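These notes concern the structure reproduced below.
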Amino acid sequence: MRPQICGVIAEDEPRAIAAAEPLVDLFELRIDLVGQTWPAVARNLTKPWIATNRPRAEGGRWNGGETDRQSELLKALSLGAAIVDVELAAPGLDILVGAVKKKARCLVSHHDFAATPPLEELEKIIERQIAAGADICKVVTAAASLDDNFKLLKLYAKFPGRKIVAFAMGLAGVLSRVLAPLAGAEFAYASLLDGKESAPGQLSAARFDEIYRLLQI
Ligand SMILES: O=C1C[C@@](O)(C(=O)O)C[C@@H](O)[C@@H]1O
């Protein structure tokens with residue numbers, strides 16, 4: 001099956017969403033980046049979508065309090081979110097995961113914007129995500145070397161049958177972004193357009209399409 005691509009909606013830009021729509025299998029709606037008009041964006045989506053409201057501590061731009069941050073995620077459930085991204089470090093994780101799983105799949109995420117820890121540490125993070133009730137486990141780190149890419153790629157074989165998204169950010173992590181879906185990742189994150197990246201090293205949906213066509217995948 002062709003690698004699944006998740007287009008990251010980082011702005012209320014209907015034309016960018018429309019341009020990427022044929023190239024993506026699902027969207028991620030970044031509530032913390034889109035801002036107050038996010039419900040209107042959600043209502044117009046034509047493919048399954050992930051609701052994400054990233055706190056500053058994990059690289060996001062949510063400016064409000066934690067209670068309001070989580071309330072926005074729960075509001076996404078009533079607007080049809082297929083998946084809700086909940087950070088492993090979120091306060092009241094068990095209650096939030098339980099509330100999400102009543103109506104959607106729960107993706108439990110962990111981000112390290114500084115480095116890529118040893119493989120054993122990455123495995124422990126996924127074990128904690130599974131224990132928290134994750135339907136999808138996500139580990140995203142910062143690559144400083146080629147080896148860092150392989151640490152993330154090795155995670156898929158460590159958890160056969162589990163739904164995982166694991167890759168490294170940064171220019172040094174681009175290899176892991178491209179190979180992750182081939183190693184077993186549920187999907188890859190892509191910007192809607194070139195120049196609209198929401199994280200270091202992120203590729204656009206068109207670029208992924210070009211690469212996978214080139215590789216005849
Ligand atoms: O966790 C991730 C991955 C990401 O940070 C990336 O590196 O593409 C982009 C985010 O929008 C998403 O929530």
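Order of appearance sets the numbers: ligands from 1, and atoms from 1 within every ligand. None of the values given here were measured: they were computed from a predicted structure.
- Heavy atoms of Ser109 come nearer than 4.0 angstrom to ligand 1 in no pair at all.
- Polar contact check, Tyr189 against ligand 1: no nitrogen or oxygen pair lies under 3.5 Å apart.
- With hydrogens left out, the protein atom closest to atom 4 (C) of ligand 1 is Ala199 CB, 3.9 Å, a heavy atom.
- One N or O on the side chain of Asn53 and one on the backbone of Arg69 form a donor-acceptor pair closer than 3.5 Å.
- Ion pair Asp85/Lys138 flagged as a salt bridge, since at least one NZ, NE, NH1 or NH2 atom sits closer than 4.0 Å to an Asp/Glu carboxylate oxygen.
- The atoms of ligand 1 that sit less than 4.0 Å from any heavy atom of Gln202 are 6 (C), 8 (O), 9 (C).
- The backbone N or O of Ala168 sits less than 3.5 Å from a side-chain atom of Ser176, completing a donor-acceptor pair.
- Close approach of ligand 1 to Glu28 (heavy-atom distance below 4.0 Å) involves ligand atoms 10 (C), 11 (O), 12 (C), 13 (O).
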Is there a side chain to side chain contact (heavy atoms under 4.5 Å, CB included) between Phe167 and Leu179 once you walk through the steps? CA-CA 9 Å; Phe167 62 88; Leu179 295 184; over 6 Å; no
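- Remark: Asp25 engages Arg2 in a salt bridge, criterion side-chain N to carboxylate O under 4.0 Å.
- Heavy-atom separations between Lys138 and ligand 1 include at least one value shorter than 4.0 Å.
- Below 4.0 Å from some heavy atom of Met169 lie the following atoms of ligand 1, by number and element: 7 (O).
- Taking 4.5 Å as the limit, every side-chain heavy atom of Ile5 sits out of range of all side-chain heavy atoms of Leu23.
- In this structure, Asp135 pairs ionically with Lys101, as a charged nitrogen and a carboxylate oxygen lie closer than 4.0 Å.
- The nearest pair of heavy atoms linking Ala99 to Leu77 is O-CD1, 3.8 Å.
- Atoms of ligand 1 found under 4.0 Å from any heavy atom of Ser198, numbered from 1 in the order shown, are 9 (C), 11 (O).
- The nearest heavy-atom contact from the protein to atom 7 (O) of ligand 1 is Arg177 NH2, 2.8 Å.
- Polar contact with ligand 1: absent for Asp85 (N/O pair, distance under 3.5 Å).
- For Arg213 and Asp209, the salt-bridge test passes: some basic side-chain N is under 4.0 Å from an acidic carboxylate O.
- Every atom of ligand 1 with a heavy atom of His111 under 4.0 Å away is listed here by number and element: 1 (O), 2 (C).
- The shortest N/O to N/O separation between Thr52 and ligand 1 does not fall below 3.5 Å.
- Looking from atom 10 (C) of ligand 1 to the surrounding protein, the closest heavy atom is Arg30 NH1, 3.4 Å.
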